[in-house]
There are 2 protein chains.
Amino acid sequence: MITQDQDTLSQKWEVLLSQAGYRITRPRRAILDIVAESSRPLTPLEIYDKVREDNPGVGLVTIYRTIEKLEELHLVSHVHHLGECQTVFRCPDSHQHLLICTKCGSSRYFDGLEVEEQFNQIGEKLGYQVTGHWLQLAGLCEACRGKQQSKG
Amino acid sequence: MITQDQDTLSQKWEVLLSQAGYRITRPRRAILDIVAESSRPLTPLEIYDKVREDNPGVGLVTIYRTIEKLEELHLVSHVHHLGECQTVFRCPDSHQHLLICTKCGSSRYFDGLEVEEQFNQIGEKLGYQVTGHWLQLAGLCEACRGKQQSKG
DNA sequence: TCCTTATTGATATTGAATGTCAATATCAAC
DNA sequence: GTTGATATTGACATTCAATATCAATAAGGA
C-alpha cells in the first residue's frame, strides 16, 4: 500500500485508490495526472488523447474504467458542459458548486451560497422531499472576456 | 397556417410550429402530443416507443428532427436526469427551475428563487462574467414517498 | 522471488445519433 | 377542388462512443 508524500492531487488520489484496494499502474497513473491537474472538465476521449501523448499504448477502455473508480471514490464527478454528459472534472472536498467558462471550459468551484433552506421550502410547497440539488453557473472567464473585447 | 383554438399545450405548439414555417404532419402531431402532455422528462427512445404505439410506421429520425425544432422554438429543453443528457421536457413560459422526482421522474417547474444577484456576485469574486445558470432540484414526489414509507 | 488476481489492451459488439435520398404529404396559390 | 413547389418522411447505411469479452500481463502482499 502506497503511503508516500502527498504533494499533488494526483498523488493524493493514488493513495486513496490504493487504500481502496485498487492497484496503481502506469496507465492509471497517467490518467490520474491528466484529470487531477486539468483546469477544465474533460471528456473521456480528451483524456484518452492526452494520456496517449506520453503513453501511446493505453486503450480507451482503461480510461473509462479509471474514471469509474475515481467516481466511485467521489474524486471526480460528471459535469454538464457544452451538451456533453460524460465530461469529468475533479470534485471539491466539500459540497460546492461549479462555475464554467462557456468558451474555454476553465472551471472553478465556489461555496458560500445559502440556498438549501430555500430549496427545502420549495419542495414542501410542491409536495416533494428535496434530496439533492444540482447547480452550475456558466460565464466567461477573465481571459476569454479579454479576447472578446479586444476585437472592438 | 393553422389558427384554430388552443386548448391544449400540443395544440399551442402546433400553431407555433406552423407559424415558424414548419408543416404539421401526422407523425409530428403524435410526437407533440406525447411530449407536451408528459409529466416527466422523456428520452428520444421513450418518445419513439410511445409514438409507435398508435403510429407504428414512425421512424426514430423523425423523433430527433421534431425535438430539434421544438428546442429551436424553446418549447422543450434538455434535462439532466438519471445520467441521461438527451432527456427532453417541456419548457415553462418564463425562466424557471425544475424539480424532478428521482424515482418516477415526475417533474414540476418552480420560480420565486432570488439567486441571480448572488450568482453575479460569485462571478465577480472569481473573475467570471456570469451569463447563465443551471439549477435543478431532485427529490421524492408525494406518491413515491408514500410507496417507500408503506413498506415500514 | 513467488503467486494470486486485478488490470490491461486487442478485438468484437452494441446501440444511440446522424447522414443520405427517393417517395410522399403538406399547404399556399390558383 | 386542384395543382405544384418543397418540407417531411422512413428505410437504409454509417459513424462512433460506450461496453463486453478474454488471454496476456503486471501489481504488490507474502
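So you know, we letter chains A, B, ... as the sequences are listed, proteins then strands, and number each from 1.
Between B/Tyr128 and A/Ser106, the side chains place a donor N or O and an acceptor N or O closer than 3.5 Å (distance only, hydrogens not considered).
An OP1 or OP2 oxygen of C/dT26 is reached within less than 4.0 angstrom by no side-chain nitrogen or oxygen of B/Thr25.
Between B/His95 and B/His97, the distance from one ring center to the other falls under 6.0 angstrom.
When the C1' atom of C/dT8 is taken as reference, atom OH of A/Tyr48 falls 13 Å away, rounded to whole Å. For the pair B/Arg23 CZ and D/dG10 P, the interatomic distance rounds to 15 Å; values are reported in whole Å. Between B/Arg29 atom CZ and D/dT9 atom C1' the separation is 15 Å, expressed in whole Å. Atom P of nucleotide D/dG29 and atom OH of A/Tyr22 are separated by 16 Å, given to the nearest angstrom. What separates CZ of B/Arg26 from C1' of D/dG10 is a distance of 15 Å, to the nearest Å. B/Ile24 has its CD1 atom 12 Å from the C1' atom of D/dA7, to the nearest Å. Whole-Å rounding puts the B/Asn55 CG to D/dT8 P distance at 18 Å. C/dG15 atom P lies 17 Å from atom CD of B/Gln86, rounded to whole Å.
For the pair A/Arg52 and A/Lys69, both in contact range of DNA chain C, the more 5′-proximal nearest nucleotide belongs to A/Lys69. Between A/Val61 and A/Leu45, it is A/Leu45 whose nearest contact on DNA chain D lies nearer the 5' terminus.
Note on A/Gly57: only backbone sugar-phosphate atoms sit closer than 4.0 angstrom, heavy atoms only; bases stay farther off. Using a 4.0 Å heavy-atom cutoff across all strands shown, B/Leu60 reaches no nucleic acid atom at all. Using a 4.0 Å heavy-atom distance criterion, B/Arg28 is classed as a sugar-phosphate-only contact.
Between B/Pro41 and B/Ile100, the shortest heavy-atom distance links the atoms CG-CD1, 4.3 Å. The nearest pair of heavy atoms linking B/Phe110 to B/Gln96 is O-CB, 3.1 Å.
For B/Thr62, the side-chain atoms get nearest to D/dG10 when compared with the rest of C/dT8, D/dA26, D/dG10. For A/Arg65, whose side chain is taken as the heavy atoms from C-beta onward, the closest listed nucleotide among D/dA7, D/dA27, C/dT8 is C/dT8.
Salt bridge A/Glu37/A/Lys50: absent, no basic N to carboxylate O contact under 4.0 Å.
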